[in-house]
Amino acid sequence: MNRLVVLISGNGSNLQALIDSVAGGDLDAEIAAVVSNRADAFGLTRAEQAGIPTKIVDLKAVLATGRNRIEFDADVADLVAGYQPDLVVLAGWMLVLSEAFLNRFPGRVINLHPALPGTFPGTHAIERAHAAFQRGEIKRTGVMVHRVVPAVDAGPVVTLEPVPIFPDESVAELEERIHHVEHNLIVAAVDLVLRGDV
Ligand code: GRF
C-alpha cells in the first residue's frame, strides 16, 4: 500500500480532500501520518478524527535549543522517514524546506501552490494574483502541484489547472474557487505520482 506523509500548517482542507479520497477508495494509498509545524492547525483535528497519527514540530523551540534551521529540517526528515513514506505531500506547509530535508526523499516531495508556474511564488499568492488582475496585468491565475526543490515553489510541475479571475469578484470569492480546484488537483496529483505517470 502506498504510504503518504502529509505536512500541514493550518486549516487542512486539502488534507481533508486526501483523507476523503483515501476513505472513498479513490486513492490507492494510506496516510501514514500528518505533521504540522503549528499546534493550533485545524488539520491536526481532521487527522485525529480520521484516526491518523499526528506529530507537531516546533521550529521556535528547536532554534531555542541552539539548533539551527538546517538541523530542524534534518530533525523533521528523521521524523517523516520513520513513517516510511512513498510520497511526502506538502499541503499548506508554510516553511521552506532545505536540502537537509529534500535530499532524504529525492523526487518524492510534492507541494501544492495556488498560482501558475513562475508566478507569485511564496505567501499570499492568491491576493497577489487578484491585485495583479485589478492592475490589468493578468487575466487568470491557477493552481499547481510541483515536485519540491530548494527554490521556493519552483520545481518541475506535476499538474496544474488555470483558474479565471472574474471582474468585480473579491479576493475571498477567488480564494473559494481556487480552494475548490485545489481539493481536486491535489488528489489527482498524488494519484499521478503514485502511478508513476509523471
Ligand atoms: C492552500 O491554498 C495551499 O495551496 C497553500 O496553503 C493553503 C492551505 O490550505 N499552500 P489548507 O490548509 O489545505 O486548507
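Please read these numbers as outputs of a predicted model, since none were measured by experiment. Starting from 1, each residue takes its place in the sequence as its number. Both ligands and their constituent atoms are indexed starting at 1 by order of listing.
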request  = Only counting residues at least two apart or in another chain, list the ones meeting side chain to side chain donor-acceptor pair (under 3.5 Å) with D73.
outcome  = S98
key: Close approach of E175 to ligand 1, heavy atoms, under 4.0 angstrom   = no
Candidate with minimal heavy-atom separation from atom 1 (C) of ligand 1, of R46, M144, E182 = E182
ask   = How far apart are the closest heavy atoms of V149 and A154, and which atoms are they?
value = CG2-C, 4.0 Å
query = V148, W93: one ILVMFWY side-chain cluster at the under-4.5 Å cut-off?
reply = yes
query = Is there a donor in the side chain of H179 and an acceptor in the side chain of E176, or the other way round, less than 3.5 Å apart?
reply = no
key: Protein heavy-atom partner closest to atom 13 (O) of ligand 1 - residue, atom, separation in Å   = N14 ND2, 2.8 Å
note = Those residues at least two apart in sequence (or on a different chain) that pass side chain to side chain donor-acceptor pair (under 3.5 Å) with T65 are none
inquiry  = Looking only at protein heavy atoms, which one is nearest to atom 14 (O) of ligand 1, and what is the separation?
reply    = S13 OG, 2.6 Å
request  = Indicate the atoms forming the closest heavy-atom contact of E169 with P164, along with that distance.
outcome  = OE2-O, 4.2 Å
ask   = Looking only at heavy atoms of I8, does any of them come nearer than 4.0 Å to an atom of ligand 1?
value = no
request  = Identify the protein heavy atom lying closest to atom 6 (O) of ligand 1, giving its residue, its atom name and the separation to 0.1 Å.
outcome  = G92 CA, 3.6 Å
task = Answer yes or no for P114: is there a heavy-atom contact with ligand 1 below 4.0 Å?
result = yes
request  = Decide whether an N or O pair under 3.5 Å exists between G12 and ligand 1.
outcome  = yes
ask   = Can you list the atoms of ligand 1 that are under 4.0 Å from a heavy atom of H179?
value = 1 (C), 2 (O)
query = Do H130 and Q134 have side-chain N/O donor and acceptor atoms under 3.5 Å apart?
reply = yes
